[in-house]
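Here's the structure, in structure tokens; my notes come after.
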Amino acid sequence: MQERELRDLIEDVREGRLPRRRFVQQMLGLGLTAPMAGMMLMHAGVAQAQTALPYKPTKRGGGGTLKLLWWQGPVHLNPHFAAGTKEQEGSRIFYEPLAAWDPDGNLVPVLAESIPTRDNGGLSADGRSVVWKLKKGVTWHDGKPFTADDVVFTAQYAGDPATATVTVGTYRDLKVEKVDSHTVRVVFAKPTPFWAEPLVGTVGMILPKHLFADFIGAKSRDNPANIKPVGTGPYKFLDFKPGDMLRGEANAAYHQPNRPYFDAIEMKGGGDASSAARAVLQTGEYDFAWNLQVEDEILKRLENGGKGKVNIVSGGNIEFIQLNYTDPWNEVEGERGHASSRHPAFSDKAVRQAMGLLVDRQGVQDFIYGRTGVATANFLNNPEKFRSPNMKFEFNVDKANQILEAAGWKKGSDGIRAKGNVKLKFVYQTSVNQPRQKTQAIIKDACSKAGIDLERKSVTASVFFGGDFANPDTYQKFWSDMQMYTTTMTQPDPQVFMEQYCTWELAQKANRWRRRNIRRWQSADYDAAHKAAQVELEPVKRAALFIRMNYLVCSDGYIIPVVFRPRASAATHKLSAPLSGFDNDLWALAHWFKEA
């Protein structure tokens, strides 16, 4: 289908000549996904489908305690400091964005009165501004009114470099203006096709100005509210033991009728993914377990226990290996992994190519992940429109040996290859997690056959993902040669997801390693493509730019995608919990209930 034909179809939907559902079906036939079809219509100013979330209770409360098991428990509750999904999820119990993403990629209003469109005057034709109408009658948990001042402040807070938020990239180049007490205008510095990033979803949770205004900038970490949240959400904060237990009670003044159903909520941290799955599927001790990175054979066996079911939700998550672009062992200007340094071995592309050939992706899928992990050579896998058809993967130990030999990496008496004073001996770190340790073992075995010695390092998940400024073992610092984890794509548009390879997102000592380019990879071509995509209003041309970005980062070899991971969670049979692959698991927490 040509660009002209696509634009004609979008216009047919706008004019009512073509039903939205039929347009989506045609796009699916072309290899797109439903979220991308919805986003294309939204970019073109076509009103989106209305999301109907299932909810049967006719009154607030009465449901007892909702027991969640987050085996990596949050260590703080400020969503704009959330380097990982566990802090995003913990914060989402209390804080809310203006809108959230449903499983089909549609925007659902939360603190917004409605979703901006061209027809309601919310979207400007030049892509430079969006007007949000805010819901009236909403109060913070301490009784203060929620107003436009809070929304304006949140953007200022998150966009201030001195505050050192992880969401600074979303807010630093825009301005949010107060129109009236319940209306704001987001003004972009340039045409912005993905206007639904700020104030939306995982990066859009609104903070109360009256509790955060005194802690903007350098004092941001001193705010008591970082661990004692006061939000607008369905549950009010009770107490918090970082990494262990988070408790809340129903918000009797919640702004949606008959919600929440549960009287209280508990989020238990600790343990591992296997024990979490067992606690829901086999014993029924908990209602919901998050992020079940467990071998599929074990999940199927536990499901036979009859207490619950495994939810497989498609999104854009990817389990991948990073090869360090910088030198993690030697300091430059007092900093390990300094952005100006280069890794002594991985700076040779032959070594990177060999490493890519030594990762048995298909074996990892077949023997570890099953339905919860699909072998891939792409970093960007979903929406399908953005998935490159050109990237292929291969597992070939002999070919890896040939490449290294030709590049001058010779085996020594110890069997380890070296060139000059540099040995192919690497530290390979990840979090403590059975599938990850098994993946490490598979890759270590293949590498040993190619003259590469891997030292496997497993870090407790609460430390690895914790973001402790003083801890050397966090994934943000990346003070090892290789590391592996899952990065999450929580929106149906890849702009934010792919920003993690831009040079302006380099994680460094100067920003407390709070930025998203953890591997510190740098490419002028990539930066240029991302900047072009930020202002390209034509959906098809924009898709081509993201496909190019995926090619640039994967073909350079510093990133080795392993498996594309649909989200796996567990829920008891009676729990109704709407999930989305494009937002946090708790995106619709107010609508959770138990069937009678």
Side-chain angles (χ1 to χ4, degrees), residues 69-76 81-90 166 242-244 267-279 289-296 298-299 317-324 328 337 359 361 364 368-369 372-373 379 426-444 454-490 500 507 513-514 516 518-519 559-570 584-585:
L69 195 49
W70 248 251
W71 55 275
Q72 294 174 20
V75 296
H76 67 75
F81 295 161
T85 55
K86 57 192 179 71
E87 279 76 33
Q88 290 176 359
E89 298 281 9
V166 297
D244 179 22
M267 176 182 277
K268 181 73 174 75
D272 56 42
S274 295
S275 61
R278 189 172 295 107
W290 158 87
N291 190 23
L292 295 186
Q293 193 168 11
V294 179
E295 293 158 86
D296 197 31
I298 294 175
L299 290 178
N317 300 354
I318 179 78
E319 179 84 0
F320 70 120
I321 296 168
Q322 301 172 349
L323 307 182
N324 208 323
V359 177
R361 298 165 172 86
V364 170
I368 300 176
Y369 285 96
T372 67
F379 184 76
F426 307 129
V427 175
Y428 172 19
Q429 72 176 15
T430 188
S431 64
V432 174
N433 175 285
Q434 191 173 27
R436 287 189 174 133
Q437 270 69 79
K438 290 192 174 186
T439 301
Q440 281 182 308
I442 289 173
I443 296 170
K444 178 180 174 66
L454 292 189
E455 175 188 337
R456 291 180 290 166
K457 179 178 178 181
S458 301
V459 183
T460 301
S462 60
V463 173
F464 189 66
F465 296 109
D468 182 353
F469 179 75
N471 198 305
D473 290 331
T474 65
Y475 81 111
Q476 295 100 327
K477 283 193 172 72
F478 193 6
W479 287 352
S480 66
D481 301 290
M482 304 165 54
Q483 68 178 5
M484 178 175 67
Y485 61 92
T486 289
T487 188
T488 58
M489 179 177 173
T490 55
Q500 64 186 282
W513 294 278
R514 291 289 180 182
R516 297 173 60 229
I518 293 166
R519 71 294 302 164
I559 302 303
I560 305 175
V562 182
V563 289
F564 162 47
R565 285 189 59 203
R567 290 195 202 171
S569 60
N584 295 131
D585 280 353

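Closest non-hydrogen pair, Pro328 versus Asp481, comes out as CG-OD1, 4.0 Å. Taking each heavy atom of Val166 and Ala82 in turn, the nearest pair found is CG2-O, 3.3 Å. A pairwise comparison of heavy atoms in Pro74 and Gly90 identifies CG-CA, 4.3 Å as the closest pair. When every heavy atom of Pro561 is checked against every heavy atom of Ile318, the shortest pair comes out as CB-CD1, 4.1 Å. Ser569 and Leu292 get closest at one heavy-atom pair: C-CD1, 3.7 Å. Taking both residues in full, the closest heavy atoms of Gln72 and Ala461 are given as CG-CB, 3.5 Å, listed atom of the first, atom of the second, then distance.
Going from atom CZ of Phe478 over to atom CD1 of Ile518 covers 9.0 Å, rounded to the nearest 0.5 Å. Interatomic distance, CZ of Arg361 versus CD1 of Ile560, reported as 6.5 Å (0.5 Å rounding). Between the OG atom of Ser462 and the NZ atom of Lys86 there is a distance of 7.0 Å, given to the nearest 0.5 Å. Separating the OG1 atom in Thr85 from the CG atom in Asn584 is a distance of 7.5 Å, to the nearest 0.5 Å. Atom OH of Tyr485 sits about 10.0 Å away from atom CD of Glu319, to the nearest 0.5 Å.
You'll find the side chain of Arg278 stays beyond 4.5 Å of the side chain of Leu69, heavy atoms only. A 4.5 Å side-chain heavy-atom check between Gln322 and Met484 finds every atom pair outside the cut-off. Considering only heavy atoms from C-beta on, Arg519 comes within 4.5 Å of Gln500 through its side chain.
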Val432 vs Val459, side-chain contact (heavy atoms from CB on, under 4.5 Å): CA-CA, chis, key distance, verdict
CA-CA 5 Å; Val432 174; Val459 183; 5.7 Å; no
Check against side-chain contact (heavy atoms from CB on, under 4.5 Å), Gln434 and Glu295
CA-CA 8 Å; Gln434 191 173 27; Glu295 293 158 86; 3.4 Å; yes
Assess the residue pair Trp513 and Thr474 against the criterion (side-chain contact (heavy atoms from CB on, under 4.5 Å)); give the C-alpha distance rounded to whole Å, side-chain angles, the decisive distance to 0.1 Å, and a yes or no.
CA-CA 10 Å; Trp513 294 278; Thr474 65; over 6 Å; no
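A donor and an acceptor atom, one from each side chain of Arg436 and Ser431, are located under 3.5 Å apart. If you check the side chains of Arg456 and Gln429, you find no donor sitting under 3.5 Å from an acceptor. Between the side chains of Tyr369 and Gln293, at least one donor N or O sits under 3.5 Å from an acceptor N or O.
No donor-acceptor pair closer than 3.5 Å links the side chain of Gln483 to the backbone N or O of Leu323. Of the possible polar contacts, one joining the His76 side chain to the Phe81 backbone as a donor-acceptor pair under 3.5 Å is found. Judged by distance alone, the side chain of Asn324 and the main-chain N or O of Gly337 form no donor-acceptor pair under 3.5 Å. With hydrogens and angles disregarded, no donor-acceptor distance shorter than 3.5 Å links the side chain of Thr430 to the backbone of Ser458.
In terms of the salt bridge (Lys or Arg N to Asp or Glu O under 4.0 Å) criterion, residue partners of Asp585 (sequence neighbours excluded) are, by chain and number, Arg567. Asp468 is linked by a side chain to side chain contact (heavy atoms under 4.5 Å, CB included) to Ala470, Asn471, counting only residues two or more places apart in sequence or in another chain. Taking Leu454 as the reference, Phe426, Tyr428, Ile443, Lys444, Cys447, Ile452, Met482 meet the side chain to side chain contact (heavy atoms under 4.5 Å, CB included) condition, with sequence neighbours excluded.
Aromatic ring pairs are classed by plane angle as parallel below 30°, tilted from 30° to 60° and perpendicular above 60°; the pair Trp290 and Trp70 is parallel.
Shown are Ile321, Ile368, Asn433; of these, the side chain to side chain contact (heavy atoms under 4.5 Å, CB included) with Thr439 is made only by Ile368.
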